[in-house]
Amino acid sequence: MSEAQKTARAQDAGPSTVTGADRFFRITERGSTFGREIRGGFATFFTMAYILVLNPLILGSAKDKSGEQLDPVQLTTATALVAAVMTIVMGIGGNLPLALAAGLGLNAVVAFQLAPLMSWDDAMGLIVLEGLLICVLVVTGLREAVMHAIPQQLKQAISVGIGLFIALIGFVDAGFVTRIPDAANTTVPVQLGSTGTLAGWPMLVFCAGVLLTIALLARKVRGAILISIVTMTVVALVVNALADVKTWGLTTPEWPDQVVDAPDFGLLGRFSLFGAFGQVGVVTVVLLVFTLILSDFFDTMGTVVGVSAEAGLLDEDGKVPGLGRVLLIDGAAAVAGGAASASSATSYIESAAGVGEGARTGFANLVTGSLFGLALFLTPLLTIVPLQAAAPALVAVGFLMMTQVRHIDWERHEIAIPAFLTIAVMPFTYSITNGIGAGFLAYVLVKTVLGRAKEVHWLLWGTSALFLVYFAIDPIEQLLGV
């Protein structure tokens with residue numbers, strides 16, 4: 001962002017008293033206010049608080065090689081603790097409104113791919129190892145160099161793809177879109193609702209929430225997303241009390257019998273850094289860690305770029321401010337997640353909900369992190385927000401991020417085709433990493449067939465080669481007999 005833009009945004013924010021916190025987080029400089037940062041922090045928390053339920057559900061439902069399962073209560077504590085600490089660290093050290101928690105997808109890999117091959121301690125040790133290796137990549141400058149090597153319009157395509165992806169997450173989480181079972185013998189993979197129609201009180205809450213959010217955004221109401229989440233949570237509580245609702249999904253909106261619950265830190269420190277080598281062998285460990293690193297590496301890259309772009313924080317060259325620190329903290333979060341047995345922690349794209357509320361600095365993270373800290377003791381109270389009340393925020397954020405599509409030059413095939421694949425593959429495969437990989441490979445291919453291979457940065461060549469391995473990992477494992 002240019003100095004003129006910064007000045008204009010600061011003027012738009014109105015007069016404010018410059019305090020130590022203001023100077024440290026550069027709140028006024030970035031055109032924000034304490035009110036916007038606080039609202040943004042709350043919005044981000046409520047859109048990602050589901051992880052307090054979902055992470056223990058995923059990890060707690062799996063068994064390791066010896067048949068042991070992790071305790072759900074201890075998993076909830078570990079999940080909240082890592083999210084609280086690393087989100088605050090990111091706010092202070094990275095000064096971005098970028099919250100962190102146990103990564104979806106990565107926790108499924110731990111539960112259903114790593115654990116059946118080894119003990120839980122060994123599986124979490126691999127997560128710690130993955131995080132340490134990512135930190136090495138950051139310290140050597142390689143991770144940051146890869147991000148800087150990506151063409152600006154491809155970064156914008158990543159943001160747009162993430163926007164569609166996060167909107168789809170909202171629709172799926174609310175049950176507005178569901179997968180059609182294979183037994184249906186249909187070529188249509190998804191459908192409206194669970195039966196092809198919208199039914200049930202929870203769906204009414206979601207649809208009303210989307211309409212309310214849209215109306216508030218159109219009216220440019222301050223706190224639109226947060227107002228929608230809180231309002232629809234109250235509505236959901238009333239509906240659940242008066243109507244016969246069969247299920248709300250992961251979170252039922254009902255006032256808990258017990259508001260305060262003591263945290264159980266029993267899982268902290270239960271990991272074995274090199275135990276997996278003795279369980280499954282060096283080659284298998286290398287392939288598993290490679291998959292984890294690649295997924296974590298590019299999920300974070302897409303999230304950081306997408307959230308920063310939506311916040312208007314990219315400079316004129318499309319670079320993220322303080323990127324090195326941000327990436328190092330993200331790598332450290334993976335280490336912390338493994339060490340606490342909460343799986344790898346990573347940056348959350350739901351942070352865009354906070355950006356939609358006006359958050360522009362790490363001060364919003366202090367709010368989000370503090371709420372996760374409270375969740376250590378108030379989990380029953382803070383998890384009453386059903387997905388149907390929080391998901392409309394994701395749909396709205398998807399719209400906000402989609403607007404960046406206007407910056408892509410659709411007349412130039414060498415950027416338009418990779419951009420299209422990046423945008424399309426993310427939501428269609430439910431993976432940020434897959435979308436980035438498809439875009440990279442297409443970019444290198446199109447540049448090459450046009451006789452302009454020399455224009456491709458050498459790091460993109462190397463990264464694209466790694467993505468070839470990533471997409472072909474199954475036949476490679478078969479060839480190696482692992």
Side-chain angles (χ1 to χ4, degrees), residues 39-55 57-58 99 101-105 161-179 190-194 197-218 223-240 245-254 303 306-307 310 348-357 368 371 382-402 426-427 430 432:
R39 291 198 303 270
F42 270 91
T44 294
F45 173 78
F46 283 123
T47 55
M48 61 185 288
Y50 66 84
I51 196 61
L52 296 175
V53 177
L54 194 55
N55 197 46
L57 181 66
I58 292 174
L104 286 174
I162 288 175
L164 290 179
F165 179 39
I166 200 171
L168 179 59
I169 290 174
F171 285 125
V172 171
D173 284 352
F176 189 89
V177 172
T178 62
R179 179 184 299 161
V190 294
Q191 64 185 356
L192 185 69
S194 59
T197 59
L198 298 178
W201 287 102
M203 190 55 57
L204 179 62
V205 170
F206 168 72
C207 292
V210 171
L211 295 176
L212 175 61
T213 308
I214 291 173
L216 293 173
L217 286 175
I225 292 174
L226 184 57
I227 290 172
S228 173
I229 293 173
V230 173
T231 301
M232 298 319 299
T233 298
V234 173
V235 171
L237 285 167
V238 174
V239 168
N240 190 65
V245 181
K246 293 182 180 180
T247 178
W248 288 85
L250 285 176
T251 305
T252 300
E254 56 185 4
T303 300
V307 172
E310 179 60 25
Y348 258 57
I349 190 56
E350 282 84 350
S351 303
V355 172
E357 278 297 334
T368 305
L371 290 172
L382 292 174
T383 56
I384 66 172
V385 180
L387 289 174
Q388 290 82 2
L394 301 182
V395 177
V397 169
F399 154 71
L400 294 174
M401 299 187 73
M402 181 70 189
M426 279 189 196
Y430 225 65
I432 294 174

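Starting from 1, each residue takes its place in the sequence as its number. Side chains are part of it too, since the values below use all heavy atoms of this structure and drop only hydrogens, waters and symmetry mates.
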Rounded to the nearest 0.5 angstrom, the CG-CG distance for Leu192 and Leu198 is 4.0 Å
Show your working on side chain to side chain contact (heavy atoms under 4.5 Å, CB included) between Val205 and Trp248 and close with a plain yes or no. CA-CA 10 Å; Val205 170; Trp248 288 85; 3.9 Å; yes
Here the gap from Leu394 atom CG to Ile349 atom CD1, rounded to the nearest 0.5 Å, amounts to 10.0 Å
Classify the angle between the aromatic ring planes of Tyr430 and Phe165 as parallel (below 30°), tilted (30 to 60°) or perpendicular (above 60°). perpendicular
Once rounded to the nearest 0.5 Å, what's the spacing between atom CE of Met232 and atom CG of Leu211? 9.0 Å
Using only atom types and a distance under 3.5 Å, with no angle test, would you say the side chain of Thr44 pairs donor to acceptor with the backbone of Ala353? no
Go through the steps to decide whether Phe46 and Thr368 satisfy the test side chain to side chain contact (heavy atoms under 4.5 Å, CB included), and finish with yes or no. CA-CA 9 Å; Phe46 283 123; Thr368 305; over 6 Å; no
With rounding to the nearest 0.5 Å, note down the distance linking CD in Gln191 to OG1 in Thr197. 8.5 Å
Heavy-atom closest contact (Ile229 atom, Ala393 atom, distance): CD1-CB, 4.0 Å
Check the angle between the aromatic planes of Phe176 and Phe206 and answer parallel, tilted or perpendicular using the 30° and 60° thresholds. tilted
Search all heavy atoms of Gln388 against all heavy atoms of Pro392 and return the closest pair with its distance. O-CD, 3.3 Å
Could you please spell out the steps behind the side chain to side chain contact (heavy atoms under 4.5 Å, CB included) verdict for Leu164 and Leu168? CA-CA 6 Å; Leu164 290 179; Leu168 179 59; over 6 Å; no
For Ala396 and Thr213, work out which heavy atoms get closest and say how close. CB-CG2, 3.5 Å
Looking at OG1 of Thr47 and CG of Leu387, how far apart are the two atoms once the value is rounded to the nearest 0.5 Å? 11.0 Å
Taking the side chain as C-beta and beyond, is there a heavy-atom pair between Pro202 and Val245 under 4.5 Å? yes
Spatial distance of atom OG (Ser228) from atom CD (Glu357) [nearest 0.5 Å]: 9.5 Å
Let me see the working for Ile227 and Leu216 under side chain to side chain contact (heavy atoms under 4.5 Å, CB included), right down to the final yes or no. CA-CA 9 Å; Ile227 290 172; Leu216 293 173; 3.8 Å; yes
State, to 0.1 Å, how close Gly41 and Leu371 come at their nearest heavy-atom pair, and which atoms those are. O-CD1, 4.4 Å
For residues Glu254 and Leu237, report the shortest heavy-atom separation together with the two atoms involved. N-CD2, 3.7 Å
Should Ile51 and Tyr348 count as side-chain neighbours, where that means a heavy-atom distance under 4.5 Å? yes
Please give me the minimum heavy-atom distance between Ala101 and Met48, naming the atom from each residue. CB-CE, 3.6 Å
